[in-house]
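In what follows, chains are A, B, ... by sequence order, proteins preceding strands, each numbered from 1.
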Number of protein chains: 2
Amino acid sequence: MQTQGGLMHIEVSPEVDALVRDVIGQVADKWTMLILEALEEHGTLRFTQVGRIVGGISQKMLTKTLRQMECDGLITRKVHPVIPPHVEYTMTEIGRELTAAFCGVWVWAETYHAQVEAARAAFKAREGR
Amino acid sequence: MQTQGGLMHIEVSPEVDALVRDVIGQVADKWTMLILEALEEHGTLRFTQVGRIVGGISQKMLTKTLRQMECDGLITRKVHPVIPPHVEYTMTEIGRELTAAFCGVWVWAETYHAQVEAARAAFKAREGR
DNA sequence: CTGAATCCGGCTGGATACTG
DNA sequence: CAGTATCCAGCCGGATTCAG
């Protein structure tokens, strides 16, 4: 990503750029963010606990998202071979780093959410008629 | 967002939480990211210029994405009433702020994408058999 | 040049039922 | 408890065509 006018410059090769976009595409997903939050806040959690804390997620998407996050190395999955099954999910170091990186966006939203809502209202008023 | 064990704590209202998810959804979008990059790098651009710099985007998605970004107040749309039409798109202050905030995620991706790929390969090897 | 409108195939994601 | 499997409605996004 390149910036202008005195902001930082980060030059990347096209292939790295593509990989970065791919990683961001996987990682900057709605459920991924919420699961990262849940694990950051509560530490290690079981499958059902994650679903309950996140809220509103279907079992299918919970499974799918957890699998993807495990695949990308954001979390670890520990299976305890007992009956009934007991599976624990824990954030990895790069998962925590990612969560920290997202903080900037959270701060942005804290700072500007009112302006975004105002912009949307103004846009609606402009385009509405 | 809350963290644990001595890390920073950021408490957010439900509405901010909702906006963050919404904004992340927008920014995580492939075309939004590329348009932010294009405007950050080149400054004010015309409709066709954005499409050419971004590359590979359909006219429909270009229009749609620009509209969404304008609605959210990330960019401004300036129409010059001439023939042929001349429309300029420019990043707003909060658009630049968001881009800067999102830089953290880019840096994360650039820092760790190799580890992500390694994790994916390891996962594939584990699950493959 | 800058869009709007339409058609349409493919993928996403929710609901549901079933398994070890 | 922790998934897997299946069905299916809805949205996304590309291609194309038309308009101011």
Query raised in the report: Rounded to whole angstrom units, what separation is found between the CE atom of A/Met61 and the P atom of C/dA15?
Result: 12 Å
Query raised in the report: Which one of A/Lys78, A/His80, A/Arg46 satisfies the side chain to side chain donor-acceptor pair (under 3.5 Å) criterion with A/Glu88?
Result: A/His80
Report task. Indicate yes or no: at least one non-hydrogen side-chain atom of B/Trp108 is less than 4.5 angstrom from one of A/Ile24. Result -> no
Query - Length of the NZ-C1' vector between B/Lys64 and C/dT6, whole Å - result: 15 Å
Report summary line: What one should report as the nearest heavy-atom pair of A/Thr32 and A/Gln26 is OG1-O, 3.7 Å
Query raised in the report: Between A/Lys64 and A/Asp29, is the closest basic N to carboxylate O distance under 4.0 Å?
Result: no
Query - Contact check, side chains of B/Ile57 and B/Lys30, non-hydrogen atoms, under 4.5 Å - result: no
Detail all sub-3.5 Å separations between protein N/O atoms and N/O atoms belonging to nucleotides 3-5 of chain D.
residue	atom	partner	partner atom	Å
D/dG3	OP1	A/Arg77	NE	3.4
D/dG3	OP1	A/Arg77	NH2	2.5
D/dG3	OP2	A/Tyr89	OH	2.5
D/dG3	N7	A/Gln59	NE2	3.4
D/dT4	OP1	A/Arg67	NH2	3.4
D/dT4	O4	A/Gln59	OE1	2.9
D/dT4	O4	A/Gln59	NE2	3.4

Requested in this report: Please examine the side chains of A/Asp72 and A/Val23, heavy atoms only from C-beta on, and report whether any two atoms are closer than 4.5 Å.
Outcome: no
Query raised in the report: Under a 4.0 Å N-O cut-off, is there an ion pair linking B/Glu127 with A/Arg67?
Result: no
Query raised in the report: Please give, in whole Å, the distance from C/dT12 P to A/Lys30 NZ?
Result: 16 Å
Requested in this report: Take B/Glu117 and B/His113 through the test side-chain contact (heavy atoms from CB on, under 4.5 Å) and record every step on the way to the result.
Outcome: CA-CA 6 Å; B/Glu117 287 177 57; B/His113 72 87; 3.3 Å; yes
Report task. Specify the separation, in whole Å, of atom CD of B/Glu70 and atom P of C/dG3. Result -> 9 Å
Query - Atom-to-atom span, CD of A/Gln49 to P of D/dC1 - whole angstrom - result: 10 Å
Give me the distances for all protein-to-nucleotides 18-20 of chain D N/O pairs that come in under 3.5 Å?
none

Report task. State whether B/Arg46 places a side-chain N or O below 4.0 Å from either non-bridging phosphate oxygen (OP1 or OP2) of C/dC1. Result -> no
Report summary line: Atom CD of B/Glu88 and atom C1' of C/dG3 are separated, to the nearest Å, by 16 Å
Report task. Rounded to the nearest angstrom, tell me the gap between atom CG in B/Leu62 and atom P in C/dT2. Result -> 10 Å
Query - Integer-rounded Å distance: C/dG13 C1' and A/Asp29 CG - result: 11 Å
**Report entry** B/Val54 side chain near B/Leu62 side chain, heavy-atom distance below 4.5 Å
**Finding:** no
